[in-house]
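Sequence lines set the chain letters: A, B, ... in the order given, protein chains first and strands last, and positions in each chain run from 1. Keep in mind that what you see is a predicted model, and the values were worked out from it rather than measured.
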Amino acid sequence: MIDLRLVRENPDLVRASQRARGADESLVDGLLKADTARREAVKRADDLRGEQKNASQAVRTATPAERPAVLGRAKALATEVKEAEEVQRAADAALRAAHLRIPNVVAGEVPPGGEDDAVTLRTVGDVPTYDFPVRDHIEIGEALGAIDMERGAKVSGARFYFLTGPGALLEFALAQLAISRAVAAGFIPVVAPALVKPEAMEGTGFLGEHDEEVYRIERDDLYLVGTSEVALAGMHAKEVLDLSAGPRRYAGWSSCFRREAGSYGKDTRGIIRVHWFDKVEMFSFCRPEEAQAEHLRLLAWEEEFLQALELPYRVVDIAAGDLGTSATRKYDIEAWFPSQGTYRELTSTSDCTTFQARRLSIRYRDEDGKPQTAATLNGTLCAIARTIACLLEVHQRPDGAVHVPTALRPWLGGVAELTPGMTLAAGVPPV
RNA sequence: GGAGGGCUCGCCUAGUGGCCGAUGGCGGCGGUCUUGAAAACCGCUAUGGGGUAACACCCAUCGUGGGUUCGAAUCCCACGCCCUCCGCCA
């Protein structure tokens, strides 16, 4: 949630942000009203409680003669306090509801517009050309025995798949490469739970407008995460972190689950848009003043990873209307998909400023030793299924083989190519 | 799933109805002393909310939520978490 002080002191800024997102401006006034109402309710309840405290002290010191009168007054006040507390509870709840409805304030530099208005910041690597008919990742993957869509559908339904043989090896190789690079860069590797409590889900902003995207295990009141960001952010909920030495960085591996409601007909073929995939996610906790710089660092690490995979890509600055609830700014990296003749999102990094940390109560101590709300940022290092799809397509060869980028080879037994009918034992590191 | 035990201020600990936000120790911070340090001594050492120009001040918080009472860390109920034992299990 956003900083209430900001709303009080600069409501126009928040209104402008709502407008930029194409969201409801009047929510800001609703929030201001709820804030005022709550403060009045709190004041009244506090004052009454104070009076009642004194009154019950007086009971103790009262002489036997005074006692009945004093006791009567205390009893009356007790009733009033109860009523005032009821009002306060309602006001608290109303404020919280209004507060939760407002997404993070959009950064000033964010491009205006919606989904189609992302601004390309740079394009890296040459778009490959092929002197043979280009195949998509499913054709290539099935020929390799790497992807089995049909049986995925048989077992789990649409948008599920099996990674088999070389495909399964690719998954682990990518995960190893991603984790290894992250650790070398100073990240703490984490294997995170994929099932979380509602607080973690709400705290990271996934239960707002987009809650139909999330799988819910109603019976146990748990949610399947759409990204390990949820578990990583929740990991330090209600804690005061030591951020004096700089950002605290985690690289989390977990499965991710997405209902893909409302994306009927989009990417129905292949493993680009699926209900389940595994992902290595970067997550940073830092002081708010460090967040912008940290955001660029996350982006740089994402770019380096794609460069290591020898994939051509472009970096786009996401427009205001397309930002997630928690983000003040977001950069996507889109990699080239030859079968589609276009760039498609492979990674994404968001600066959530203090928005998530405020909900989750994640703090640090400033120079004066006072607790302050931290900032959180997240970025994809490797969304494995989609990355496999891209790799297969970009690195395809006319004979159905797939070139293995040098960086990935140590995790694939040193092989330079994946080939149909390859010996799988050759594709693993020495044992 | 069944049976017990426990959850107090960073850590340990006192507190079984009335100025208890809460005792004492450790740790941490500041000071006195010292050439410097140690020791000793003195002081400080929570968080959130309201309030203020800023102080003052007020309210809340003893795992969480209810209840009893004029008054609850203390009594009652429910839940959560941790530990021990039994059963089941990757």
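- Two residues, A:Asn54 and A:Asp35, neighbour RNA chain B, and the one matched to the more 5' nucleotide by heavy-atom proximity is A:Asp35.
- For B:C79, the paired base is B:G63 (Watson-Crick or G-U wobble, both distances below 3.5 Å).
- Only the C1' atoms considered, B:C58 is 26 Å distant from B:U64, to the nearest whole Å.
- In this structure, B:A73 forms no base pair with any nucleotide, since neither Watson-Crick nor G-U wobble geometry is met with both distances under 3.5 Å.
- Side-chain contact check for A:Leu392 versus A:Leu144: some heavy-atom pair is nearer than 4.5 Å.
- Backbone-only engagement by A:Ala78 is indicated by non-hydrogen atom pairs under 4.0 Å involving sugar-phosphate atoms exclusively.
- Atom-to-atom, CG of A:Asp220 to P of B:G1 comes out at 10 Å; the value is rounded to the nearest Å.
- In a base pair of the Watson-Crick type (N1 to N3 plus N6-O4 or O6-N4) or a G-U wobble (N1-O2 and O6-N3), with each distance short of 3.5 Å, B:A22 is matched with no nucleotide.
- Side chain of A:Gln18 to backbone of A:Asp24: a donor-acceptor contact under 3.5 angstrom is found.
- Rounded to a whole angstrom, the distance from the C1' atom of B:C12 to that of B:C7 is 14 Å.
- One interatomic measurement links the two molecules: CD of A:Glu9 to C1' of B:A53, which rounds to 13 Å at whole-angstrom precision.
- The separation of B:C76 from B:U69, taken at their C1' atoms, amounts to 12 Å, rounded to a whole angstrom.
- A:Arg60 comes within contact range of at least one nucleobase, with a heavy-atom separation under 4.0 Å.
- Taking atom CZ of residue A:Arg49 and atom P of nucleotide B:C70, one finds them 18 Å apart after rounding to whole Å.
- Other residues, nucleotides and ligands contribute only 12 or fewer heavy atoms inside 6.0 Å of the CZ atom of A:Arg44.
- Taking 4.0 angstrom as the limit, A:Lys197 places none of its side-chain polar atoms (N or O) nearer than this to OP1 or OP2 of B:G80.
- Distance check on atom P: B:C79 versus B:A3 gives 12 Å, rounded to whole Å.
- Using a distance-only test at 3.5 Å, with no hydrogens or angles considered, a donor-acceptor pair links the side chain of A:Arg258 to the main chain of A:Gly226.
- Distance A:Glu85 CD to B:G71 C1': 14 Å, rounded to the nearest Å.
- Spacing of C1' atoms, B:U8 relative to B:C82, comes out at 16 Å, to the nearest Å.
- On the P atoms, B:G50 is 23 Å away from B:U45, given to the nearest whole Å.
- Counting only distance, with no hydrogens or angles, the side chain of A:Ser254 and the backbone of A:Ala194 share no donor-acceptor pair below 3.5 Å.
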(Q) side chain to side chain donor-acceptor pair (under 3.5 Å), that's the test. Do A:Glu281 and A:Ser228 meet it? Break it down for me. (A) CA-CA 7 Å; A:Glu281 179 84 355; A:Ser228 49; 5.3 Å; no
Q: Report, as a single string ordered 5' to 3', how protein heavy atoms within less than 4.0 Å touch nucleotides 43-49 of chain B: B base, S sugar-phosphate only, - not at all.
A: ----SSB
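- Here the C1' atom of nucleotide B:C57 and the CG atom of A:Asp47 are 11 Å apart, to the nearest Å.
- A straight line from CD of A:Glu199 to C1' of B:G65 spans 14 Å, rounded to a whole angstrom.
- Note on A:Arg358: nothing from the nucleic acid sits closer than 4.0 angstrom, heavy atoms only.
- Under the Watson-Crick or G-U wobble criterion, with both distances below 3.5 Å, B:A3 is paired with B:U84.
- Dashed line: the shortest gap from a side-chain N or O of A:Gln52 to OP1 or OP2 of B:C70 is not under 4.0 Å.
- Within the 4.0 Å cut-off from OP1 or OP2 of B:C70, not a single side-chain nitrogen or oxygen of A:Lys82 is found.
- As rounded to whole Å, 9 Å separates atom C1' of B:C59 from atom CD of A:Gln88.
- For the C1' atom pair drawn from B:G27 and B:G63, the interatomic distance equals 24 Å after rounding to whole Å.
- Ring to ring, A:Phe283 and A:His236 are not that close: their centroids are 6.0 angstrom or more apart.
- Computed from coordinates, the A:Asp242 CG to B:G10 C1' distance equals 13 Å when rounded to whole Å.
- B:C62 and B:G17 are spaced 15 Å apart, taking the C1' atom of each and rounding to whole Å.
- A:Val225 places none of its side-chain heavy atoms less than 4.5 Å from the side chain of A:Cys256.
- With a cut-off of 3.5 Å on both Watson-Crick or G-U wobble distances, the partner of B:A37 is given as none.
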Q: Test side chain to side chain donor-acceptor pair (under 3.5 Å) on A:Asn104 and A:Thr353 and set out the steps.
A: CA-CA 8 Å; A:Asn104 202 355; A:Thr353 61; 2.9 Å; yes
